[in-house]
Amino acid sequence: MNDERIVSQVIHAGKVSGDFLLKTLWLLIEKSSSYVAYRNSNKVYVGDTSWNKFLATSGDKDIKTFLTSEVNLDLLKTELNRYKLPFSYYEPKAGEVALCFDVRNTKIVETAMQGLLKDLTTDPKALNKRVLQTPKKMKPNEKIRYYKNKKAPEAISKTHFKKMNTGKSATVKAPPAKARSL
């Protein structure tokens with residue numbers, strides 16, 4: 001009888017301590033998961049970030065879509081990094097780029113836009129040279145797409161070459177119709 005009582009007390013103590021440990025473990029997991037979710041949603045990024053990480057943050061976002069032939073993405077990224085704006089980009093289709101901005105810091109966005117507008121009004125040609133995409137600034141696969149979309153004779157006839165010894169420039173004529181295919 002005495003032995004049974006001791007065994008039941010040990011079993012009861014084991015149940016109570018096991019129940020306490022399981023409840024403590026559950027509370028620890030629940031609090032840590034809520035802390036990680038809070039920390040990830042309120043994280044502040046600066047400059048270019050991963051698309052999914054950026055969209056997971058809290059706050060209002062504005063998404064703009066540009067054609068890659070219109071914008072030089074590298075120069076646009078350096079311009080936005082100069083103002084330390086949080087942004088992200090991805091290519092939804094070939095030839096398009098979607099830029100996502102966090103508008104939490106409206107003063108910084110306004111300052112960046114005022115700087116771009118000032119550059120646009122004072123010297124638009126210099127801004128176009130900095131931001132617009134040209135074949136010299138394109139990556140090889142973008143150049144291939146650019147020249148396939150553009151008519152070959154038109155692209156070749158506008159190309160100027162300098163002769164090596166004379167320093168004179170000469171215009172290259174378009175090749176015959178049979179040699180035009182790319």
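If you read the sequence from its start, that first residue is 1, and numbering goes on from there.
Side-chain contact between Asp62 and Cys100 is absent, with no heavy atoms from C-beta onward closer than 4.5 Å.
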Going by atom type alone, with no hydrogens or angles, which donor-acceptor pairs under 3.5 Å involve a side-chain atom of residues 86-97 and a protein atom two or more places apart or on another chain?
unit_1	atom_1	unit_2	atom_2	d
Ser88	OG	Thr49	O	3.0
Ser88	OG	Trp51	N	3.2
Tyr89	OH	Lys77	NZ	3.1

For a quick test of your reading: what N or O donor-acceptor pairs under 3.5 Å do the side chains of residues 3-17 make, sequence neighbours left out?
unit_1	atom_1	unit_2	atom_2	d
Arg5	NH1	Asn2	OD1	3.3
Ser8	OG	Glu4	O	3.4
Ser8	OG	Arg5	O	2.9
Ser17	OG	Ala13	O	3.0
Ser17	OG	Gly14	O	3.2

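Taking the centre and axis of the six-membered ring of Phe54, the NZ or CZ atom of Lys61 falls inside the cone set by 45° and 6.0 Å.
Listed here is the closest heavy atom pair of Asp48 and Asn81: N-OD1, 3.5 Å.
Counting heavy atoms of neighbouring residues, nucleotides and ligands inside a 6.0 Å radius, atom CG of Asn141 exceeds 12 of them. For Lys143, the NZ atom is densely surrounded, since the number of other residues' heavy atoms within 6.0 Å is greater than 12.
Note that the OG atom of Ser33 and the CG atom of Leu28 stand 9.5 Å from one another [nearest 0.5 Å]. Here Asn52 contributes atom CG and Thr57 contributes atom OG1; the two are 11.5 Å apart, rounded to the nearest 0.5 Å. Separation of atoms CZ (Arg39) and OG (Ser32) is listed at 10.5 Å; rounding is to 0.5 Å.
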